[in-house]
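Before any comments, here is the structure.
Throughout, a chain's letter reflects where its sequence line sits, starting with A, and its residues are numbered from 1. Not measured: the values here are computed from a predicted model.
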2 protein chains.
Amino acid sequence: MNVPDTPTLEDVAKAAGVSTATISRSINHPDKVSPDTNERVQQVINALGYTPHFAGKTLASKRSRTVGAVIPTMANAMFASGLQAFQEELNVQGYTLLVASSGYDHDAEYEQIRKLIMQGADGLMLIGHQRTKATRDFLQARRIPTVLAWCNPDERDALYAGFDNVAAAQEITREVLAHGHTHIAMIAGVSGSNDRASQRIEGVRVETAKHGVSARLLSVVEAVYSLEAGGDAFEQIMRQSTQPTAIICGNDVLACGAILRARQLGIEVPGTVSVTGFDDIDIAQVIEPALTTVKVPQRAMGKAAAERLLSLLDDQIPTLGSINLPTRVILRHSLATLK
Amino acid sequence: MNVPDTPTLEDVAKAAGVSTATISRSINHPDKVSPDTNERVQQVINALGYTPHFAGKTLASKRSRTVGAVIPTMANAMFASGLQAFQEELNVQGYTLLVASSGYDHDAEYEQIRKLIMQGADGLMLIGHQRTKATRDFLQARRIPTVLAWCNPDERDALYAGFDNVAAAQEITREVLAHGHTHIAMIAGVSGSNDRASQRIEGVRVETAKHGVSARLLSVVEAVYSLEAGGDAFEQIMRQSTQPTAIICGNDVLACGAILRARQLGIEVPGTVSVTGFDDIDIAQVIEPALTTVKVPQRAMGKAAAERLLSLLDDQIPTLGSINLPTRVILRHSLATLK
DNA sequence: TAATGCAATGTAAGCGCTTGCATCTTGGAA
DNA sequence: TTCCAAGATGCAAGCGCTTACATTGCATTA
């Protein structure tokens with residue numbers, strides 16, 4: 001009773017000598033309230049340290065000004081700066097971001113999505129386009145405004161801000177081929193539950209095939225995104241009877257794991273075998289030799305995704321369409337020219 | 001009107017032929033409802049795809065089963081796995097995590113905290129113990145259950161799950177001294193708004209001073225946590241008239257930045273100058289030479305923080321006290337013995 | 001001067017849920 | 001058979017806020 005309870009709208013109203021409606025308006029639509037009232041309300045709010053109660057607000061307005069994002073993992077830097085940019089853009093517009101992670105598990109993703117929606121998220125940002133039917137049905141039945149990132153799905157109705165994983169993988173493959181490599185292997189992410197991983201595999205496949213009989217994709221080994229797993233995959237590849245002169249990796253962490261293991265095994269990179277990465281996170285410049293990799297426009301993608309989602313939320317019909325951001329091969333030292 | 005609107009408790013009640021109270025009880029206190037009713041309710045819920053409305057629930061129960069975390073940055077892996085562990089533990093207990101980042105800005109932190117609280121967070125996890133008076137007052141006035149991590153404040157009343165940054169810095173310094181280095185420099189995080197950074201500086205100071213006149217801490221250069229800034233700091237240090245034989249860095253990213261720059265400058269690490277890091281994130285094993293650094297028990301800390309916060313939330317009086325987790329120096333190759 | 005319009009504010013009905021209390025069953029115990 | 005306790009359920013009052021609609025008080029216009 002006597003505890004300095006958190007003040008409510010009513011407390012403010014009483015203290016300011018007006019109705020709660022006026023306070024609410026003063027906060028949300030100041031132009032609908034006379035200047036002096038506005039000022040008085042401001043003072044009382046400050047004096048009382050009033051903060052609007054989110055649940056009440058959400059319940060009454062049916063809008064939470066909150067958006068959710070479900071990313072596969074927080075554990076590496078892969079999504080970090082994209083997410084950061086996404087959040088920054090949202091903040092500018094007065095939206096709040098809720099982040100959850102799925103661990104590359106589609107069922108977990110569904111759970112997280114439901115949680116976010118039930119938390120009142122007005123919209124969602126999701127990574128990739130592959131998900132369970134239950135998830136798709138849920139999203140559709142509830143008509144949840146959604147933007148996809150890190151991908152460029154071909155579904156007509158999906159709104160996305162991403163890049164073409166297949167094309168990007170083709171591009172780096174082209175680069176590898178141009179360096180004279182014909183015996184190629186790939187260390188990919190686990191393609192089963194990760195469309196980016198499988199598209200990158202496809203890109204490598206397509207491009208090597210295009211090159212004609214001279215080039216061969218010897219093997220594709222899948223591994224979870226860790227240094228350890230990348231190293232194991234590397235070892236597995238190097239134990240095969242026909243060894244590649246270049247290994248294309250679906251991710252920088254995998255590539256670094258491979259290079260690290262090569263070092264332990266006394267195999268020279270890129271002397272004996274070249275290695276390329278994907279993503280261009282910090283680790284790519286740190287590794288020795290520095291990684292030739294594909295730069296993913298993380299920040300631009302995060303920003304673009306936010307802009308699109310917000311336009312969807314505000315205008316119902318998005319004024320901004322889907323966008324494919326350009327990727328770029330960054331040449332460093334882990335890819336050698338084959339003599 | 002005809003739109004398949006998201007179903008409410010009332011819809012479920014109607015369909016199941018009972019009152020909303022029963023549904024609510026069936027969901028939250030199944031033991032208070034007869035088994036057959038429970039089952040019928042379950043079926044209806046599944047059939048309708050009902051999800052409880054979070055705002056309504058929060059408003060009515062005054063508990064959101066949500067906790068917030070404000071971390072300085074998402075941009076590097078420093079907090080990632082600790083946060084992940086924190087979230088996992090929360091999920092087990094049916095809590096949801098909301099994450100926000102402050103960019104190492106105390107005012108931004110205050111804003112984010114307010115947002116989280118207004119979002120209905122029942123409790124908070126915060127990094128470090130240094131914050132503005134406004135923040136402290138807010139937290140105290142609202143009596144917000146809070147657990148601190150990555151630090152071990154000496155305030156009597158603060159609940160924390162962290163480690164002793166000073167002691168950890170002393171330990172790595174001792175290691176450096178034991179390797180025969182007497183001319184030492186430090187590249188630290190920006191200490192102004194980051195208590196972990198300043199405590200690590202203090203640890204290095206204290207330990208070198210302890211060593212007597214033979215050892216000297218030549219300089220401490222502060223830098224934001226990026227490869228670039230670490231490199232710049234390195235250059236600045238190496239330009240000074242008296243050069244150190246070892247540089248202790250307050251963070252792995254800084255250390256890697258230094259090593260990278262050394263490479264560009266043709267300075268040998270650890271031949272000419274040794275470099276140590278702090279945190280032991282992925283990048284530390286990837287860099288060549290692999291980084292001698294301080295392992296921070298991220299996952300254990302995240303889990304411990306969650307346990308403590310939850311006990312605080314459930315029992316009012318925490319059954320679990322603050323805890324100091326042990327850190328450990330990991331010897332790799334970036335620290336050489338001085339002949 | 002009376003009618004009119006508009007700006008400022010108040011009134012009160014919910015938003016979807018929880019929960020204290022009241023009501024109704026039902027299976028013993030007396 | 002009667003009575004009571006305990007279990008199962010319903011009723012209805014909010015939780016803190018927004019907003020459609022009603023009201024009030026002026027300034028404006030003919």
Item to check | A:Thr135: side chain to side chain contact (heavy atoms under 4.5 Å, CB included) partners, not counting sequence neighbours | outcome: A:Tyr110, A:Ile113, A:Arg131, A:Thr132, A:Leu139
Checklist entry - Looking at residues 36-45 of chain B, who's got a heavy atom less than 4.0 Å off DNA chain D? => result B:Thr37
Item to check | ring-ring contact (aromatic ring centres under 6.0 Å, His included) partners of residues 38-90 of chain B, not counting sequence neighbours, each pair once | outcome: B:Phe79-B:Trp150
Checklist entry - Starting at NZ of B:Lys32 and ending at P of D:dG10, how long is that distance when rounded to a whole Å? => result 16 Å
Next on the checklist: Given A:Lys115, which partner from the list B:Thr51, B:Thr66, B:Thr96 fulfils the side-chain contact (heavy atoms from CB on, under 4.5 Å) test?
Outcome noted: B:Thr96
Checklist entry - Between the side chain of A:Arg40 and the main-chain N/O of A:Ala16, is any donor-acceptor distance below 3.5 Å? => result yes
Next on the checklist: Check whether B:Asp11 reaches the backbone of B:Thr8 with its side chain - one donor and one acceptor, N or O, closer than 3.5 Å.
Outcome noted: yes
Next on the checklist: Donor-acceptor pair, distance only, cut-off 3.5 Å: does the side chain of A:Asp122 make one with the backbone of A:Ser64?
Outcome noted: yes
Item to check | Five-pair end axes of the helix from C:dT1-D:dA30 to C:dA30-D:dT1 and the angle they enclose, rounded to 10° | outcome: 50°
Next on the checklist: Across nucleotides 12-25 of chain D, 5' to 3', mark each nucleotide with B, S or - according to how protein heavy atoms within less than 4.0 Å reach it.
Outcome noted: --BBBBBBB-----
Checklist entry - With no hydrogens and no angle check, do the side chains of A:Ser81 and A:Gln298 hold a donor and an acceptor under 3.5 Å apart? => result yes
Next on the checklist: Checking the side chain of A:Asp195 only, and the main-chain atoms of A:Gln130 only, is there a donor and an acceptor separated by less than 3.5 Å?
Outcome noted: yes
Next on the checklist: Strictly distance-based, threshold 3.5 Å: is any side-chain N or O of A:Ser61 a donor or acceptor partner for the main-chain N or O of A:Lys57?
Outcome noted: yes
Item to check | With sequence neighbours excluded, residues passing side chain to side chain contact (heavy atoms under 4.5 Å, CB included) with A:Ala47 | outcome: none
